[in-house]
Structure formats: C-alpha cells, structure tokens
Amino acid sequence: RPFTTVCATASTVQAQDISYDSARLTWSFNEIPGETYLWSVGYRVLGSSTWIPLQFSNGGYISNTTTNDFVILSGLVPGTIYEWCVNQYCNMSGSYSDPVISQFSTLIPSCPAPVSYPASNITQNSAVLNWQALPQATGYLSLIHIFTAQRWSLAQHWLFFCSYIV
C-alpha cells in the first residue's frame with residue numbers, strides 16, 4: 001500500500017482495558033482507503049517533562065512508528081495518572097501531524113485483609129500483634145481500638161501505629 005500524502009490527525013483517543021499495570025490506547029481517524037498511516041505514540045507520568053516514545057518491531061526492524069490504530073502499554077505503576085499522545089508521521093513530507101494528547105489513570109490493586117491471629121506477649125503496656133503476611137502486600141497499617149475501664153463507651157480512640165514494610 002502507498003504511504004499517505006496527507007497527514008491525518010487522530011480523533012476519538014481512548015484508554016481502554018485499564019488495569020493496575022497496563023492499558024490499551026486506541027484512536028480513530030479519517031482513513032483514505034488504500035493508504036498506509038504511520039503513527040508515533042508516546043506517554044509519560046502526568047507532570048513529567050519527559051515523553052517516553054514507543055518503539056515497534058516492524059518486519060524485523062525497530063521503528064518509532066506503527067501502522068496499527070492501537071497500542072498496549074504494560075509495566076505501568078498502579079494508581080498513577082499518565083498522559084499519552086499520538087500523531088501521524090507524514091512520510092512524504094517527513095513531518096508529523098499535530099499531536100493529540102489524552103490522560104488515563106491506572107487502577108489501584110485490591111489487597112485482601114491478612115489472616116490475623118490472637119495477640120501474644122500481652123502485658124499492661126504492650127502486646128505483639130500477629131498476622132499472616134500476604135505476598136502481594138507492600139506494607140501494613142495496623143489499627144487498634146482502645147477501651148478504657150472507666151467510661152469505655154465514651155473513651156473509644158482509634159490510634160494509628162506501626163507500619164511494617166514486607
């Protein structure tokens with residue numbers, strides 16, 4: 001197929017199938033039948049000044065453009081806002097169309113509560129809390145609820161303490 005002589009601008013850019021570490025980025029454009037369109041795609045963490053250009057394997061060599069109208073990003077950071085852009089490389093002129101920029105956020109993976117066991121080594125001033133570590137956990141925040149002997153219904157306190165990194 002011949003390369004297009006007119007630069008197309010992407011429209012209807014979307015991030016789909018977003019997970020905690022990947023996303024499918026898609027775009028549409030006014031396609032002229034029989035033409036080949038080369039697209040350049042980049043992304044960055046929102047607020048970063050550095051774009052990360054995507055590279056593609058096209059027929060055994062590495063290229064900065066793709067003929068697809070989608071890309072799949074992987075290895076992303078959970079709970080992060082990303083900005084991405086797509087524009088067409090115009091082969092005849094050697095220039096690029098105006099970029100279209102959009103944003104998406106990766107999901108935050110859910111983490112089940114660990115299995116807890118009875119406290120041990122209980123004294124008047126301390127206790128050891130016990131639980132089974134989860135392989136996907138990056139840390140733990142323990143909450144304790146203290147009831148005092150006097151007016152226990154009025155003296156309820158939530159204290160934050162001990163953050164353990166697994």
Side-chain angles (χ1 to χ4, degrees), residues 1-116 129 131-144 158-166:
R1 292 173 30 160
F3 289 101
T4 183
T5 57
V6 177
C7 267
T9 300
S11 61
T12 317
V13 295
Q14 295 180 335
Q16 302 171 325
D17 304 327
I18 300 169
S19 73
Y20 66 94
D21 67 349
S22 66
R24 177 185 172 100
L25 309 178
T26 64
W27 57 92
S28 62
F29 59 99
N30 292 326
E31 183 175 0
I32 300 171
E35 296 283 342
T36 299
Y37 296 85
L38 298 175
W39 298 97
S40 175
V41 183
Y43 72 101
R44 65 183 177 186
V45 172
L46 183 64
S48 171
S49 61
T50 305
W51 287 97
I52 301 167
L54 296 185
Q55 293 189 325
F56 308 93
S57 177
N58 289 334
Y61 66 95
I62 300 299
S63 170
N64 290 328
T65 59
T66 180
T67 56
N68 294 331
D69 57 359
F70 72 93
V71 297
I72 297 174
L73 297 180
S74 61
L76 303 175
V77 178
T80 302
I81 301 172
Y82 287 92
E83 192 170 41
W84 68 283
C85 72
V86 59
N87 57 350
Q88 187 202 3
Y89 175 71
C90 307
N91 195 47
M92 298 302 283
S93 66
S95 63
Y96 288 88
S97 66
D98 291 334
V100 177
I101 299 173
S102 188
Q103 295 178 1
F104 68 93
S105 297
T106 51
L107 303 178
I108 298 173
S110 62
C111 191
V115 175
S116 62
L129 303 178
W131 62 86
Q132 181 179 355
L134 298 170
Q136 69 269 39
T138 58
Y140 294 97
L141 176 64
S142 298
L143 302 175
I144 61 171
W158 285 102
L159 299 179
F160 292 90
F161 79 100
C162 68
S163 178
Y164 294 99
I165 302 299
V166 177

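Fair warning: this is a prediction, and the values are worked out from it, not measured in the lab.
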**Prompt:** Could you give the distance from OG (S102) to OH (Y43), rounded to the nearest 0.5 Å?
**Reply:** 16.0 Å
**Atom pair CD/OG1 of Q55 and T66 - distance to nearest 0.5 Å** = 12.5 Å
**Prompt:** Hey, are the side chains of I108 and P78 touching, using non-hydrogen atoms and a 4.5 Å cut-off?
**Reply:** no
**Prompt:** So, T106 side chain and V77 main chain: donor-acceptor pair closer than 3.5 Å or not?
**Reply:** yes
**Separation between CG of L38 and OG1 of T67, rounded to the nearest 0.5 Å** = 7.0 Å
**Asked** Is there a side-chain contact between L73 and L25 (heavy atoms, below 4.5 Å)?
**Response** yes
**Request:** For the pair Q103 and L46, evaluate side chain to side chain contact (heavy atoms under 4.5 Å, CB included) and give the outcome as yes or no after the intermediate values.
**Result:** CA-CA 8 Å; Q103 295 178 1; L46 183 64; 3.4 Å; yes
**Validation row: Y37, F29 side chains within 4.5 angstrom (heavy atoms)** = yes
**Message:** Looking at Y82, I'd like to know if the NZ or CZ of R44 sits under 6.0 Å from its six-membered ring centre while staying within 45 degrees of the ring's axis.
**Reply:** no
**Request:** Locate the shortest heavy-atom distance separating W39 from N68; write the atom from each residue and the value.
**Result:** CD1-O, 3.4 Å
**Prompt:** For S11, what residues pass the side chain to side chain donor-acceptor pair (under 3.5 Å) criterion, not counting sequence neighbours?
**Reply:** S28
**Request:** To the nearest 0.5 Å, tell me how far L54 CG sits from S40 OG.
**Result:** 8.0 Å
**Request:** Identify the heavy atoms of L107 and I18 that sit nearest to each other, and give their distance.
**Result:** CD1-O, 3.4 Å
**Fill in**
Scanning both residues in full, the closest heavy-atom pair of S97 with C90 reads N-SG, 4.1 Å
**Asked** Quick one: are I101 and E83 in side-chain contact, heavy atoms under 4.5 Å?
**Response** yes
**Request:** Any chance you could lay out the side chain to side chain contact (heavy atoms under 4.5 Å, CB included) test for F56 and V71, step after step, and finish with the verdict?
**Result:** CA-CA 10 Å; F56 308 93; V71 297; 3.5 Å; yes
**Prompt:** Looking at V86 and A10, what are the two nearest heavy atoms and their distance?
**Reply:** CG1-CB, 3.6 Å
**Item:** Positive for side-chain contact (heavy atoms from CB on, under 4.5 Å) with F104, one of V13, I81, L76
**Value:** L76
**Request:** Let me know which of W84, W51, F70 forms a side-chain contact (heavy atoms from CB on, under 4.5 Å) with V41.
**Result:** W84
**Prompt:** From S74 OG over to R24 CZ, what is the distance, rounded to the nearest 0.5 angstrom?
**Reply:** 13.5 Å
**Request:** Could you pull out the closest heavy-atom pair between D98 and N87, with the gap in Å?
**Result:** O-CB, 3.8 Å
